[in-house]
Amino acid sequence: MKGSKRGRRVKVDGSGKGLVSHAGAVLLAELAADTGLVGAVTRALADTYRGVWLHAPGQVFGDLAVAVADGAKTVTGIEVLRDRRVLFGQVASMPTAWRLLERIDPGHLRLVSEARRIAREAAWAAGAGPDLTSELIIDADATILVAHSDKENVAATWKHTWGFHPLLTFLDRPEVAGGEALAGLLRPGNAGSNTAADHIELLRLTLEALPAMARPRPGDPDGPRVLMRTDSAGASKKFAAALRQAGVRFSLGFTVDERVNAAVESLLEPDAGGRRKSRRWKAAVNTDGSTRSDTWVADITNLVELDQWPTGSRLIARLEPLHPGAQTTLCNTTNCGRYRITCFLTDTPAHGRHRLDGGVPALDLRHRQHARVEDRIRQGKDTGLRNLPCYAFDHNAAWLQIVLTAIDLITWTKLLAFNANPDQSDLATCEIDTFRYRVLHVAGQLVNKARRIHLRLDRDWRWTPALTTAFTRQRAAFGHT
């Protein structure tokens with residue numbers, strides 16, 4: 001019986017020269033510099049140093065963000081870049097990186113956020129921006145970050161765990177796997193889910209994170225159109241009023257109560273066969289435009305009192321069969337039977353230039369796509385968000401900004417380097433773990449030739465042709481050859 005060739009052991013020695021792994025992370029490091037992020041953060045933190053620094057604070061911040069994007073979960077992960085100095089240059093040590101976090105107090109945190117906005121504006125100008133003639137959709141949601149040790153402001157969460165409860169916003173970018181991380185508000189674990197003050201503060205941070213040309217202009221019908229989506233935790237009258245004042249339209253999950261149940265029941269007329277739906281119900285649509293035979297949506301605005309909500313608010317109900325295992329407590333009346341009711345509140349008009357083509361079913365589809373924020377948060381937790389490594393609350397807030405920056409660097413790289421080429425679309429739409437494996441962790445060889453350092457990627461790597469094109473395309477976007 002012949003032995004398997006795969007069982008043969010290769011000969012191992014240490015004679016390799018100029019070999020590096022994680023070579024694809026250079027894309028992110030170059031992007032941090034080309035967008036002006038490094039310089040803007042340096043200016044933001046310059047006054048926190050008494051003398052001349054060895055490592056510019058913006059460079060340390062950018063290197064931390066690149067390391068997190070590459071898979072680092074704590075500050076010690078910067079060693080991934082430091083161990084490859086020939087490729088990434090002089091990288092700060094771990095103690096220097098820790099000291100950077102200590103320098104970012106609440107006052108400087110806002111300056112760091114402004115630096116991220118400057119970088120976003122540059123990335124958009126280079127070709128990573130959304131279509132500003134269409135509606136920009138921002139998704140807001142909260143998540144639980146479990147703490148496994150005693151940290152400042154750690155508290156019990158509503159899920160009976162121990163940790164933090166931050167609020168986050170992402171600009172929906174469905175053309176790539178991952179949205180742009182606009183803003184984050186770090187909160188203790190016992191922070192409320194539907195606290196209006198926190199949502200209003202998050203709105204302020206989010207609008208400040210947008211480039212000026214993308215911010216809504218209240219009262220200007222020709223200004224940028226921005227919509228914020230939340231689940232029912234964001235459906236408060238104060239938050240809706242703040243959105244209206246800021247010129248941001250909304251699509252907010254709405255709690256199903258007795259009034260909603262009564263309104264839906266009034267649209268379900270019993271007949272000899274059991275029940276008959278009112279003509280007001282329209283078939284719900286799927287993402288591909290096809291209709292659903294068992295799910296309906298209806299505008300029930302005139303059946304529920306909405307006087308205390310902003311003028312023009314519309315309440316949309318969705319009726320669908322209960323899924324296996326779902327509870328019947330939401331709607332279990334005689335006429336409703338075993339249906340599941342969900343609702344959302346929006347101020348998108350039914351008529352006029354800013355209406356949404358497709359009517360109520362299109363409004364319902366747009367709101368249901370808020371579920372994409374769960375994927376954004378899940379990928380964020382795979383990009384440094386799962387663990388807050390510091391004891392001090394302010395330092396963890398600074399770490400959150402590094403995580404959001406890492407998410408942005410990945411998204412911008414996908415948009416600039418991969419999304420434009422249909423042959424590389426799989427690298428633009430893959431999730432972060434796959435992106436690291438295919439792009440960031442590729443091996444290469446460094447060669448000194450003609451007084452320049454050449455990075456030769458592994459020619460047997462399946463995605464090397466796409467990677468070499470990506471370097472060319474991203475550098476060209478910023479005027480480099």
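Reckoned from all heavy atoms, side chains included, excluding hydrogens, waters and symmetry mates. Just so it is clear, the model here is predicted, and its values are computed rather than measured.
In this structure a side-chain-to-backbone donor-acceptor pair under 3.5 Å is missing from R120 to P211. Without hydrogens or angle criteria, W98 side chain to T76 main chain gives no donor-acceptor distance under 3.5 Å. The closest donor-acceptor contact from the side chain of R244 to the backbone of P310 lies at 3.5 Å or more, if one exists at all. The closest donor-acceptor contact from the side chain of T464 to the backbone of D458 lies under 3.5 Å. A donor-acceptor pair under 3.5 Å links the side-chain atoms of E305 to the main chain of D307, judged by distance alone. No donor-acceptor pair under 3.5 Å is formed between the side chain of R229 and the backbone N or O of R368. Counting only distance, with no hydrogens or angles, the side chain of R82 and the backbone of V91 share a donor-acceptor pair below 3.5 Å. A donor-acceptor distance shorter than 3.5 angstrom exists from the side chain of S236 to the backbone of F239, with no hydrogens or angles considered. Side-chain atoms of H165 do not come within 3.5 Å of backbone N or O of I144 as any donor-acceptor pair. Without hydrogens or angle criteria, S113 side chain to L109 main chain gives a donor-acceptor distance under 3.5 Å.
Considering CG of L27 and CG of L409, their distance stands at 11.0 Å, rounded to 0.5 Å. Rounded to the nearest 0.5 Å, atoms CG (L385) and OG1 (T143) are 6.5 Å apart. Atom-to-atom distance recorded for I78:CD1 and L64:CG is 4.0 Å, nearest 0.5 angstrom. Between atom CG of residue L185 and atom CG of residue L167 there is a gap of 6.0 Å, rounded to the nearest 0.5 Å. Annotation: the span from L145 atom CG to N387 atom CG amounts to 9.0 Å, rounded to 0.5 Å. For the atom pair R259 CZ and C343 SG, the distance stands at 10.0 Å (nearest 0.5 Å).
A donor-acceptor pair shorter than 3.5 Å can be found between the side chains of D63 and Q59. Counted by atom type alone, H370 and D172 present zero donor-acceptor pairs between their side chains at under 3.5 Å. Under the 3.5 Å distance criterion, with hydrogens and angles disregarded, a donor-acceptor pair is assigned to the side chains of T96 and R99. For the residue pair T348 / R366, a side-chain donor-acceptor distance below 3.5 Å is found, with atom types taken as modelled. Between the side chains of D364 and H367, no donor N or O sits under 3.5 Å from an acceptor N or O. With no hydrogens or angles considered, no side-chain donor-acceptor pair links D257 and T255 at under 3.5 Å.
Note on ring orientation: taking the six-membered ring where Trp is involved, the planes of F435 and F418 are perpendicular (angle over 60°, cut-offs 30° and 60°). Using cut-offs of 30° and 60° for the angle between ring planes, the W461 and Y437 rings count as perpendicular.
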Assess the residue pair R438 and D426 against the criterion (salt bridge (Lys or Arg N to Asp or Glu O under 4.0 Å)); give the C-alpha distance rounded to whole Å, side-chain angles, the decisive distance to 0.1 Å, and a yes or no. CA-CA 10 Å; R438 295 178 178 179; D426 60 328; 3.4 Å; yes
May I have the step-by-step check of side-chain contact (heavy atoms from CB on, under 4.5 Å) for D231 and D141, ending in yes or no? CA-CA 7 Å; D231 55 19; D141 201 8; 3.4 Å; yes
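A pairwise comparison of heavy atoms in H108 and A44 identifies CD2-O, 3.2 Å as the closest pair. Taking both residues in full, the closest heavy atoms of T42 and G58 are given as OG1-N, 2.9 Å, listed atom of the first, atom of the second, then distance.
Ion pairing of R318 with E320 is present here, as a side-chain N (NZ or NE/NH1/NH2) and a carboxylate O approach within less than 4.0 Å. A salt bridge links D198 to R187: one of the charged nitrogens lies within less than 4.0 Å of a carboxylate oxygen. With salt bridges taken as basic N to acidic carboxylate O contacts below 4.0 Å, one links E431 and R378. Salt-bridge annotation for K414 and E175: absent, with no side-chain N of the basic residue lying under 4.0 Å from a carboxylate O of the acidic one. Using a 4.0 Å cut-off between charged side-chain N and carboxylate O, R110 and E114 make no salt bridge.
Among residues two or more places apart in sequence or in another chain, the ring pair (Phe, Tyr, Trp, His ring centres under 6.0 Å) test is passed with H480 by none. Listed by chain and number, the residues in a salt bridge (Lys or Arg N to Asp or Glu O under 4.0 Å) with R84 amount to none (sequence neighbours excluded).
Applying the 6.0 Å contact sphere to NZ of K73 captures no more than 12 heavy atoms from other residues, nucleotides or ligands. Heavy atoms of other residues, nucleotides or ligands lying less than 6.0 angstrom from CD of Q245 number 12 at most. The environment of CZ in R456 is sparse: at most 12 heavy-atom neighbours from other residues, nucleotides or ligands sit within 6.0 Å.
A cation-pi arrangement is present between R103 and Y49, with the terminal nitrogen or guanidinium carbon under 6.0 Å from the aromatic centre and inside a 45° cone about the axis.
With respect to E180, the salt bridge (Lys or Arg N to Asp or Glu O under 4.0 Å) criterion is satisfied by exactly one of R117, R173, R376: R173.
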